[in-house]
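Hydrogens, waters and symmetry mates are skipped; everything else that's a heavy atom, side chains included, is used. Chain identifiers are assigned alphabetically (A, B, ...) following the order of the sequence lines, protein sequences preceding nucleic acid strands; residue numbering begins at 1 within each chain.
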Number of protein chains: 2
Amino acid sequence: MEAINPELLRGSLELMVLSTLFGGKKYGYLIQSTLWESSREVIEIKAGTLYPILHKLEKEGWVKSQWENDTGRRRKWYELTTSGKKQLRTRANEWRQYVECLRRVLGSLGEMSPQLA
Amino acid sequence: MEAINPELLRGSLELMVLSTLFGGKKYGYLIQSTLWESSREVIEIKAGTLYPILHKLEKEGWVKSQWENDTGRRRKWYELTTSGKKQLRTRANEWRQYVECLRRVLGSLGEMSPQLA
DNA sequence: TCCGCATACATTGCCGAGCGATATATTGCC
DNA sequence: GGCAATATATCGCTCGGCAATGTATGCGGA
């Protein structure tokens with residue numbers, strides 16, 4: 001018995017952050033609001049979750065950051081690195097595989113009384 | 001800003017166990033192997049995870065159990081209750097909504113170099 | 001016969017994700 | 001002047017999942 005990467009049984013927030021940065025360079029607070037909107041007001045990543053994730057992503061070399069000093073607001077801009085894009089591709093594929101897997105496991109529920117919501 | 005049930009950001013193992021029991025009455029070890037097969041050798045729920053889940057599901061009233069005393073092997077059979085079926089329906093819908101949500105968030109990745117795996 | 005493996009259930013303790021709470025500082029509006 | 005929104009950061013808690021461990025039985029092969 002061998003199994004899938006157990007990491008993605010747990011959260012997919014890192015994936016979402018990486019994905020959001022794929023849309024272009026962003027700072028923390030902007031990542032929060034972008035994610036909130038792209039998920040149609042569903043995913044509300046908390047500050048206490050987001051910043052530690054960003055620090056980790058940087059430590060792993062998947063993003064690089066730069067402080068903005070010119071304008072008034074103090075902002076730290078994050079950008080995907082090459083290895084970050086690779087990581088994103090990997091994670092996205094793992095996610096798709098996991099979804100497909102769950103689809104199979106839940107397959108038999110098709111016959112369940114199909115009450116939506 | 002309001003958000004979805006944060007529980008399913010975490011694991012979906014309870015959902016999988018409930019779903020497996022929808023296929024009929026089963027004992028712990030059989031749930032493990034059924035899940036393993038229905039997921040095509042991907043989901044390997046560990047004993048240290050499964051049994052605490054089953055105890056919790058019973059405590060919540062979503063399953064009921066009965067010890068098998070006739071045959072040699074000592075087995076505890078679990079069965080979905082009515083409220084358990086309702087719970088399963090709810091959880092399955094939450095899962096589908098979450099998947100749809102992620103699909104939207106990852107939507108922009110469609111243009112990413114489409115290397116499979 | 002008996003050793004080892006699969007079966008079968010259970011509990012304890014650890015790890016780590018996500019979050020609430022809190023802290024700090026600035027901008028903009030009423 | 002005061003309050004909300006913006007912006008980043010850290011600490012400590014909770015809880016899911018799992019490795020490790022314990023116990024016990026049935027079965028096949030050497």
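Nearest approach of B:Trp95 to B:Ser12, heavy atoms of both residues: CZ3-OG, 4.3 Å. Of all non-hydrogen atoms in A:Ile45 and A:Gln32, the two that sit nearest each other are O-NE2, 2.9 Å.
As a whole-Å value, the separation of B:Glu60 CD from D:dC15 P is 13 Å. Summarising the geometry, the separation between CG on A:Leu57 and P on C:dA17 is reported as 11 Å, rounded to the nearest angstrom. Atom pair B:Glu44:CD and C:dA6:C1' shows a separation of 14 Å (rounding to whole Å applied). C:dG18 atom C1' lies 11 Å from atom CE of A:Met16, rounded to whole Å. Nucleotide D:dG16 holds its P atom 7 Å from the CD atom of B:Glu14, rounded to whole Å. Here D:dG17 presents its P atom at 5 Å from CG of B:Leu13, a figure rounded to the nearest Å. Whole-Å rounding puts the A:Leu50 CG to C:dA21 P distance at 18 Å. Regarding B:Lys59, its NZ atom lies at a distance of 13 Å from the C1' atom of D:dC15, rounded to whole Å.
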Considering only distance and modelled atom types, tabulate donor-acceptor pairs under 3.5 Å from the side chains of residues 18-27 of chain A, sequence neighbours left out.
| from | atom 1 | to | atom 2 | distance (Å) |
| --- | --- | --- | --- | --- |
| A:Ser19 | OG | B:Val105 | O | 3.3 |
| A:Thr20 | OG1 | A:Met16 | O | 2.8 |
| A:Lys26 | NZ | A:Thr20 | O | 3.2 |
| A:Lys26 | NZ | A:Gly24 | O | 3.1 |
| A:Tyr27 | OH | A:Arg75 | NH2 | 3.4 |

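No salt bridge links A:Glu100 with A:Arg96; every basic N to acidic carboxylate O contact stays at or beyond 4.0 Å.
Within the 4.5 Å cutoff, no side-chain heavy atoms of A:Glu60 are placed close to those of A:Gln87.
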Base-contact (B) and sugar-phosphate-only (S) positions in nucleotides 5-12 of chain D, heavy-atom cut-off under 4.0 Å, - elsewhere: BBSBBB--
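Residues passing the salt bridge (Lys or Arg N to Asp or Glu O under 4.0 Å) test with A:Arg74: none are found, sequence neighbours excluded.
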